[in-house]
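First the proteins, then the strands, lettered A, B, ... as listed; each starts at 1.
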There are 2 protein chains.
Amino acid sequence: MSKKRGRPLTEALTEAERVCLSNGAQLTELRRTVLQLILEAPGPLTAYQLLDQLKEIRKSAVPPTVYRTLEFLMENRLVHKIEQLNAFIPCSDAHHDHHDVQFLICEKCGTVAEIEDHAIVRALAKAAEKQGFHPGKAVVELDGICAACSTSAH
Amino acid sequence: MSKKRGRPLTEALTEAERVCLSNGAQLTELRRTVLQLILEAPGPLTAYQLLDQLKEIRKSAVPPTVYRTLEFLMENRLVHKIEQLNAFIPCSDAHHDHHDVQFLICEKCGTVAEIEDHAIVRALAKAAEKQGFHPGKAVVELDGICAACSTSAH
DNA sequence: TAACGGATGTTATACTATAGCTCTTCAGGT
DNA sequence: ACCTGAAGAGCTATAGTATAACATCCGTTA
C-alpha cells in the first residue's frame, strides 16, 4: 500500500477544525484522534481496525464510540465510507460536493483514490432524469488496477 | 413497495435455466427456489430475509446455504447485490454486461430499478483512463426518489 | 441552581458473512 | 460393477459489521 497523501497531516487537521467550526460542530479530542488515525493510514480502515488502534490511546473505546465518531466525520465531510469494503478513508477535499465524488479501488495494493469527475456526475443526472428519478447521493466505486500497480510488472 | 416486475415469473425462471445451461452450470432445485423468492419479492431482500423464507420450504437452510446460493446466482448474472443495502434483487436482463449496470434506489418506497446507461459507462471508462486506472467492475448506486413516489404527492 | 443539549460511556444485542469440514450424488474411466 | 473426482448441499462454529437503549458528564444559559 502506498503511503502518499495529498497534504501533510497537520494541515489536514487544521482544515478539519475550520470546516467543523463553520458547520457549527466541534472537533473534539476524540474526533480529532479518530480523524488523525484515518489520515495516517496507508489505505482504507474498517471500523474495527480503527477501534483496535483507538483502544491503545483511549481505553474506553468500544464500537459505538467509533461508529458515532465516523458518523460525525462523514456528516462533516471529513471522511468517506467505501461501501464495497465497509471501510473508511479521509476526504481528500472538504470543498467539493460530498455527494458527487467517485472512488477508484485498486485490487492489487488496496489503495482508494477519490476523484470528482463532472462528466460522470452529468451522465448520472441525465440518466436519472430520463427515468423521472430525483437523485440524492450517488455511490460510485470502480474496482480495478491502479496506474502504479499496472506499470510495476507483477 | 410496488409489485411490478418486467417479466412473468415462469418466463424469468425458464430464461434462468437457459443461462445456466449455456454457462455449464446447473440451476438446482435449491437455486431455483432461492431465485424464485427473489423474483417474487416486491423489493430487495437481505440474505437473512431470504433465509427466513427459505427455511419454511427447506428446513435445513442455514446462512451458508443462502450465501452460497447467492454467490452462484450472482456469478451467473441472475441476481445483483445492492452494496448500500446489503440486499439482493433479480437481474432484469441476463444479456447486458453484468459489470456495467446502475441502480436507482428509491428512499421512499424501497424499490430498486436497474438501468444500463452507456453514457455513464463511457464517462466512467474515460475518467478511469485519465488516471491510468484499469477498471473492472463498477458499483453505481443512486439514492433518491423514484418517479412514482415523486408524483404521488406525499 | 435548575434545566438543557451535546458528547461520551456502557451494556447488550442485532445483523451480515465466511471458514472448514462432512456427506451424498453422479458422471466418466477402467 | 468398481473406483474416483468434482459439484452440490449439510452442518457447526465463528468472524466481522453495526446499532439500540440507557446512563453519565459537563458546559451554557435561563
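Between B:Glu71 atom CD and C:dT18 atom P there is a gap of 8 Å when expressed in whole angstrom units. Atom CG in A:Asn23 sits about 12 Å away from atom P in C:dA7, given to the nearest Å. One interatomic measurement links the two molecules: CD of A:Glu75 to P of C:dG6, which rounds to 12 Å at whole-angstrom precision. Atom CG in B:Leu70 sits about 10 Å away from atom P in C:dT18, given to the nearest Å. Regarding A:Lys55, its NZ atom lies at a distance of 13 Å from the C1' atom of C:dT10, rounded to whole Å. Computed from coordinates, the B:Leu27 CG to D:dA7 P distance equals 17 Å when rounded to whole Å. Computed from coordinates, the B:Leu30 CG to D:dA9 P distance equals 5 Å when rounded to whole Å. Between the CG atom of B:Leu51 and the P atom of C:dA17 there is a distance of 12 Å, rounded to whole Å.
Comparing D:dC11, D:dG10, C:dG6 by their closest approach to the side chain of B:Val62 singles out D:dC11. Of the candidates C:dT8, C:dG9, D:dA9, D:dA9 carries the atom nearest the B:Thr28 side chain, counting heavy atoms from C-beta on.
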Please determine whether side-chain contact (heavy atoms from CB on, under 4.5 Å) holds for the pair A:Phe72 and A:Cys20, giving the CA-CA distance in whole Å, both sets of side-chain angles, and the decisive distance to 0.1 Å. CA-CA 10 Å; A:Phe72 172 88; A:Cys20 286; 3.9 Å; yes
Go through the steps to decide whether B:Arg18 and B:Glu15 satisfy the test salt bridge (charged side-chain N to carboxylate O under 4.0 Å, His left out), and finish with yes or no. CA-CA 5 Å; B:Arg18 277 207 327 90; B:Glu15 171 71 5; 3.1 Å; yes
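Phosphate proximity of D:dA9 to B:Arg31: present, with a side-chain N or O under 4.0 Å from OP1 or OP2. OP1 or OP2 of C:dA7 sits under 4.0 Å from a side-chain N or O of A:Gln26. B:Ser60 has a side-chain polar atom (N or O) that falls below the 4.0 Å cut-off from OP1 or OP2 of D:dG10.
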With B for base contact, S for sugar-phosphate-only contact and - for none (protein heavy atoms under 4.0 Å), nucleotides 15-30 of chain D reads --BBBBB---------
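Across A:Ile145, A:Thr111, A:Val112, a single residue satisfies side chain to side chain contact (heavy atoms under 4.5 Å, CB included) together with A:Ile105, and that is A:Val112.
Atom CD of B:Gln131 and atom CG of A:Leu142 lie 10.5 Å apart (nearest 0.5 Å). We find the CD-CD1 distance between B:Glu114 and B:Ile89 to be 5.5 Å, quoted to the nearest 0.5 Å. For the atom pair CG (B:Leu124) and CD (B:Gln102), the distance works out to 7.0 Å, reported to the nearest 0.5 Å.
Checked against a 6.0 Å centroid threshold, the rings of A:His80 and A:Phe88 do not count as neighbours.
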